[in-house]
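To start, the structure itself, in structure tokens.
What you see is a predicted model, and the numbers here were worked out from it, not measured in a lab. The figures that follow rest on heavy atoms only: side chains count, while hydrogens, waters and symmetry mates do not.
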Amino acid sequence: MTVKAVKMPCTTPNVYTKVPDGGWGWAIAVAFFFVEALTYGVIKSFGVFFNDLMESFDETNSRISWIISICVFVQTFTAPLSTVLTNRFGHRFVVMAGGVLVSTGMITASFAHSVVHMYITIGIISGLGYCLSFLPTVTILSQYFDKRRSLVTAVASTGECFAVFLFAPVNTHLKEQIGWRYSLLFVGALQLSIVICGSLLRPMIIKEQEEEEEVKVQPPEEPAETKYMLENEQTRTSIESIDSGVEITTSPKNVPGNTKAEPKSEEPKDHVQITVENNSTPTEPKTKLLDFSVMRDYSFICYAFFGLFATLGFFAPSLYVIPLSRSLGISKDHSAYILSAMAIAEVLGRISAGWVLNREPIRKIHIELICVILLSVALFAFPFASEFWGLMTCSIFFGFMLGTVAGTHIPLLAEDDVVGIARMSSAAGVYVFIQSFSGLAGPPLAGVIVDRTQNYSSAFYSCAAGTVMGAVFLSLVRPCKVGMCHQQPAGAEGSMVEGTQDSPEDFIDMDIGKADHSGKGSDSVA
């Protein structure tokens, strides 16, 4: 059956016979680009307000860094809630509601009088909105693409990089002209456009064409029992005609209306019952709001631990690179250029990773592992930078490698090496939920190290240690998956052998036995 949208085509689902690898998916890719820019782009460029907030509220590095920490924690901790709401109300409604929360939190933060108010507005309200906006968008984008999934997702995720490239100098200029409060007010009003992006997220339905044709061709009320009896009749007739010379038929048309046909054996009755049940109208399975069965998959557990530790190196560097440059005597303008160069390098990294992962055949999980190792090297290089060009080189290298990892680690959940596209929605919710704990601990941990050592470069050591641990767990994903695949065929083979031993005999053998018995009976009568 085909669903056609007549009155409101923008509100009805798109129906395809297979994954379109395009179509309306291109509109969703554009929407995801702007959602990335207005969520993660704002978070990563928030470092330009770091020193202003410290001076306005007279707080330490660690307390100011808790703003982004709480925001990232709430964004990732509420990922299962986002999955449940998406499965219940759809992607469009959830993203539009998230856009309203993001804008409300940022606008309210511009009137904050203490850092605690910033914890509530940006940390909790905007953090929840970020989760409701980002996760459903990347999930539905993965459903619209198959062969081009890695490349399209990587290119669309460059929205946050362009946002950092633009927001860093623009917000720096704005806060010098109108102050940081009005700058936050401007950013909050801009984030309201997430609602428009959410309105573009049309759901998709995949219906196999072969199944539709079978439904059309098959008669609606064809009795399965009659078909079986005719097949059994032909077999019995041919066998008994040869052995005894007497034609015996049990066709329903030759049996009187009040007389029952010769009873069949137990096995054919079971077969008839099974056939009738299989041809009955199937009931639609209930969709689980959140499938926690992925937690029994060892490969997913290792991948979740990879995300837990690798997230330590995602947010802290972008927050502390400007304070680090200022501590090295670099001017404000040049510091903003460093953050912008990092963003441009991240764009190139995301596009390069998408292009490489789109090549066939290739083991994507191994490419991801190489990128995580190089990201760790980039983080270890920051403390050795002592002047502008050294810091610029480290920032470009880090931005490129961050792009290769940040733009692909969630879409890789759809690969068979992890969980596959069928369980991608629930897996993404659980995966991002596990990430929340490192997102909460990352920036404050770096802030505590800075307060203890009075050196901003030491903040990058905790980030590097986290990515190294993430690389260790990522290297275990593929071995765990291969081990599970080897165990499943063995179990399946055992069940097949057991099923063969317990299976009933074929009705042809029973008919042969019955024919022999009837032949012997006729001889004895003679």
How long is the straight-line distance from [atom2] of [Y] back to [atom1] of [X], given to the nearest 0.5 Å?
X      : Y      : atom1 : atom2 : answer
Ser56  : Asn51  : OG    : CG    : 10.5 Å
Met401 : Ile373 : CE    : CD1   : 10.0 Å
Ile67  : Ile120 : CD1   : CD1   : 11.5 Å
Ser82  : His91  : OG    : NE2   : 8.5 Å
Tyr431 : Leu308 : OH    : CG    : 9.5 Å
Leu476 : Ile301 : CG    : CD1   : 12.0 Å

So does [Y] get a backbone contact from the side chain of [X], meaning a donor-acceptor N/O pair under 3.5 Å?
X      : Y      : result
Thr158 : Ala154 : no
Tyr303 : His409 : yes
Arg92  : Ser199 : yes
Ser103 : Val100 : no
Ser325 : Ile322 : yes

Taking every non-hydrogen atom, the tightest pair across [X] and [Y]:
X      : Y      : value
Ile64  : Met54  : CG1-CG, 3.6 Å
Cys71  : Ile43  : SG-CD1, 4.2 Å
Ser299 : Val418 : OG-O, 3.2 Å
Cys302 : Phe473 : O-CB, 3.5 Å
Leu201 : Cys197 : CG-O, 3.9 Å
Gly349 : Thr404 : O-CG2, 3.3 Å

- Message: Determine whether Val164 and Met342 satisfy the following criterion, side-chain contact (heavy atoms from CB on, under 4.5 Å), listing intermediate values before the conclusion.
- Response: CA-CA 9 Å; Val164 174; Met342 181 187 296; over 6 Å; no

Heavy-atom side-chain proximity of [X] to [Y] below 4.5 angstrom:
X      : Y      : value
Glu160 : Arg350 : yes
Phe306 : Val372 : yes
Val321 : Phe398 : no
Ser352 : Phe400 : yes
Thr467 : Phe309 : no
Ile140 : Gln143 : yes
Val115 : Leu53  : no
His117 : Phe57  : no

Show me the donor-acceptor pairs within less than 3.5 Å that the side chains of residues 384-393 make with the rest of the protein, sequence neighbours left out.
residue: Glu387; atom: OE1; partner: Trp389; partner atom: N; Å: 2.9
residue: Glu387; atom: OE2; partner: Gly390; partner atom: N; Å: 3.0
residue: Thr393; atom: OG1; partner: Trp389; partner atom: O; Å: 2.8

- Item | Check against side-chain contact (heavy atoms from CB on, under 4.5 Å), Val347 and Ile351 | CA-CA 6 Å; Val347 171; Ile351 296 176; 4.0 Å; yes

Whether over 12 other heavy atoms sit under 6.0 Å from [X] [atom1]:
X      : atom1 : answer
Phe397 : CZ    : yes
Phe34  : CZ    : no
Ile196 : CD1   : no

- Tell me, with the steps shown, if Phe382 and Ser395 meet side-chain contact (heavy atoms from CB on, under 4.5 Å). CA-CA 8 Å; Phe382 271 99; Ser395 298; 3.7 Å; yes

- Applying side-chain contact (heavy atoms from CB on, under 4.5 Å), run through Leu402 and Leu375 and close with a yes or a no. CA-CA 6 Å; Leu402 178 64; Leu375 179 63; 4.2 Å; yes

- Message: Please identify which of these residues, Phe50, Phe460, Phe46, meets the ring-ring contact (aromatic ring centres under 6.0 Å, His included) condition with Tyr320.
- Response: Phe50

- Message: Tell me whether the rings of Phe93 and Phe89 are parallel (<30°), tilted (30 to 60°) or perpendicular (>60°).
- Response: tilted

- Query: Is the Trp26 ring parallel, tilted or perpendicular to the Phe145 ring (thresholds 30°, 60°)?
  - Reply: perpendicular

- Message: Regarding Thr108 and Thr121, do their side chains bring together a donor and an acceptor under 3.5 Å, going by distance alone?
- Response: no

Donor-acceptor contacts under 3.5 Å from residues 124-138 side chains, at least two apart:
residue: Ser126; atom: OG; partner: Val102; partner atom: O; Å: 3.3
residue: Ser126; atom: OG; partner: Met106; partner atom: N; Å: 3.3
residue: Tyr130; atom: OH; partner: Gln191; partner atom: NE2; Å: 3.1
residue: Ser133; atom: OG; partner: Gly99; partner atom: N; Å: 3.4
residue: Ser133; atom: OG; partner: Gly129; partner atom: O; Å: 2.8
residue: Thr137; atom: OG1; partner: Ser133; partner atom: O; Å: 2.6

